[in-house]
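Okay, structure first, notes after.
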Amino acid sequence: MSQRDFYEVLGVSKSASDEEIKKSYRKLAMKYHPDRNPDNKEAEEKFKEIQKAYDILSTPDKKAAYDQYGHAGVDPNMGGGGFGGGFGGGGGFNGDFGDIFSQMFGGAGSGGGRSRQPDYSGADLRYDLRITLEEAAHGVKKQITFATHDECDVCHGTGAKAGSTPTTCHTCHGSGSVHIRQAIFQVQQTCPTCQGAGVEIKDPCIKCKGHGKVRTSRTLDVNIPAGVDTGSRIRLSGEGEAGTHGASSGDLYVFIEVAEHKIFERDGIDLHCEVPIGFTTAALGGEVEVPTIDGRVKLKIPPETQYGRKMRIKGKGIKSLRSSSVGDLYCHILVETPVNLTERQQELLEEFETISTGQERSQTPRQKSFMDKLRDLFD
């Protein structure tokens, strides 16, 4: 019986690219798949033919032999065994198209495929830790307590009662998976008896009920490095939940939140704060005490300091988390108007206003600039 040309079967030209061949195969395989065409022998035969054509055209050495010698290059019964073959006697398809289909569509392979064992590693855990700005700036050691699942101290994680051991699962024979036939396919699934463990526990541990883990709380010391900020994450390897059946434990991730400060605002590694001063100090200059993250320092105020001036104190910010750099402290000067004046203070201010009247506007440059703008606007 003559065979159809494989390119014709897939509906592509001989010059088609690998991607075009693959795309056409996917479309046809979905159309004629037995699951979509139950009890349809014609669709089943077409599906086999499509699988056979794709197996040849998707394999470089088989495709090369087919392009040069035709069907004889890939059929051992026609003298082409040295070119790859892959088919049994009489030209019947003997390849594992279940595996080919699983590679294309992400399904489970047939019995000849490699078993995919479940991952028994312990779960990762998250702990949110709130610290002060001072602790973030200098680094600190914190003790934390959190809930987790630890290995059972009675059965040591086996899940079996003391004096007994788990036995090989009678359903999957220790592989953790079983193969179920669906139509012409074999589908690999997790073993329903042992849930993928490969073992059965006939006499479970009294404490953990066969789980191998128990709910508990754990206390750890965590070293917080200087320079952390909100969103920083510290990983503690192996401090998460215990694994199952001897698998490794997960990790614990400590997420940092730095609380707002009463005085300072943080901008990366720099700090900002407001420093109120009296108008006399602003006019004549002087020295004021200002806070830093390390304590109090003296800040020299130059004469004629204006409201809103920003003054830098070098090296009084936050240490960088990833380098030796240290930020600065920026003091924002607020010139404060006095309140609750005494009679004598009012007299002195009135006298000051009197002797200031008619003086050059150079003593009040901002006021002069403002008045000039008004004049330009309305005059």
Side-chain angles (χ1 to χ4, degrees), residues 124-148 217-240 250-339 366:
D124 293 336
L125 298 178
R126 171 175 176 150
Y127 187 94
D128 294 318
L129 180 61
R130 186 180 175 90
I131 62 175
T132 66
L133 181 62
E134 287 82 1
E135 291 171 334
H138 301 125
V140 67
K141 178 184 285 188
K142 286 286 190 178
Q143 190 174 82
I144 63 173
T145 300
F146 57 97
T148 183
S217 63
R218 195 187 311 160
T219 300
L220 293 175
D221 287 331
V222 183
N223 290 315
I224 310 298
V228 296
D229 201 353
T230 296
S232 294
R233 184 181 72 171
I234 299 171
R235 176 191 176 199
L236 301 179
S237 181
E239 295 295 349
D251 299 329
L252 172 65
Y253 290 90
V254 180
F255 284 79
I256 302 299
E257 179 188 357
V258 181
E260 290 187 6
H261 199 272
K262 293 181 178 180
I263 296 177
F264 301 110
E265 288 189 10
R266 182 173 178 176
D267 180 17
I269 61 174
D270 293 327
L271 293 176
H272 296 259
C273 73
E274 294 181 343
V275 179
I277 63 173
F279 72 91
T280 304
T281 303
L284 303 178
E287 203 173 57
V288 296
E289 193 176 65
V290 298
T292 74
I293 202 72
D294 300 314
R296 299 179 182 182
V297 298
K298 295 289 186 178
L299 177 64
K300 187 175 180 179
I301 305 296
E304 302 178 1
T305 293
Q306 298 297 311
Y307 184 98
R309 179 171 179 173
K310 185 168 65 174
M311 304 182 67
R312 184 180 71 159
I313 304 179
K314 189 173 177 61
K316 289 300 182 180
I318 304 289
K319 180 186 177 300
S320 173
L321 181 62
R322 296 177 177 83
S323 71
S324 59
S325 301
V326 180
D328 302 324
L329 171 63
Y330 291 91
C331 297
H332 299 259
I333 303 301
L334 305 181
V335 181
E336 189 172 29
T337 302
V339 297
R366 289 192 178 182

>> Show, in sequence, the C-alpha distance, side-chain angles and deciding distance for Leu321 and Val228, and conclude whether the side-chain contact (heavy atoms from CB on, under 4.5 Å) test is met.
In response: CA-CA 6 Å; Leu321 181 62; Val228 296; 4.0 Å; yes
> Between Leu271 and Tyr330, is a side-chain contact (heavy atoms from CB on, under 4.5 Å) present by the stated rule, with each step listed?
Replying inline: CA-CA 6 Å; Leu271 293 176; Tyr330 291 91; over 6 Å; no
> Step by step, would you call Ile131 with Val258 a side-chain contact (heavy atoms from CB on, under 4.5 Å)?
Replying inline: CA-CA 5 Å; Ile131 62 175; Val258 181; 4.3 Å; yes
> Yes or no on side-chain contact (heavy atoms from CB on, under 4.5 Å) for Val140 and Glu134, after CA distance, side-chain angles and deciding distance?
Replying inline: CA-CA 9 Å; Val140 67; Glu134 287 82 1; over 6 Å; no
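Looking only at side-chain heavy atoms (C-beta outward), His261 and Cys273 stay at 4.5 Å or farther from each other. For the pair Asp128 and Arg126, the minimum side-chain heavy-atom distance is below 4.5 Å. Side-chain contact check for Val275 versus Ile301: every heavy-atom pair is 4.5 Å or farther apart. Side-chain contact between Ser237 and Arg235: present, with at least one pair of heavy atoms (C-beta onward) separated by less than 4.5 Å. Looking at Leu220 and Glu239, their side chains come closer than 4.5 Å, going by heavy atoms from C-beta outward. For the pair Ile313/Val290, a side-chain contact is recorded, criterion being any heavy-atom separation below 4.5 Å from C-beta on.
Ring geometry, Tyr127 versus Phe146: the interplanar angle exceeds 60°, so the pair is classed perpendicular (tilted spans 30 to 60°).
Looking at Arg218, its side chain does come within 3.5 Å of a backbone N or O of Gly240 through a donor-acceptor pair. Put simply, the side chain of Asp251 gets close to the backbone of Gly238: a donor and an acceptor are under 3.5 Å apart.
Within a 6.0 Å sphere centred on CD of Glu260, other residues, nucleotides and ligands contribute 12 heavy atoms or fewer. With a 6.0 Å radius and a threshold of 12 heavy atoms from other residues, nucleotides or ligands, Glu257 has its CD atom above the threshold.
The SG atom of Cys331 sits 11.0 Å away from the CD atom of Glu274 when rounded to the nearest 0.5 Å. From Leu334, atom CG reaches atom OH of Tyr307 across 4.5 Å, with rounding to the nearest 0.5 Å. From Glu289, atom CD reaches atom CZ of Arg296 across 5.0 Å, with rounding to the nearest 0.5 Å. Between Arg322 atom CZ and Ile269 atom CD1 the span is 12.0 Å, to the nearest 0.5 Å.
Paired with Ile256 under the rule side chain to side chain contact (heavy atoms under 4.5 Å, CB included), one option of Val222, Ile234, Thr230 passes, and it is Ile234.
For Asn223, there are no side chain to side chain donor-acceptor pair (under 3.5 Å) partners at least two apart in sequence or on another chain.
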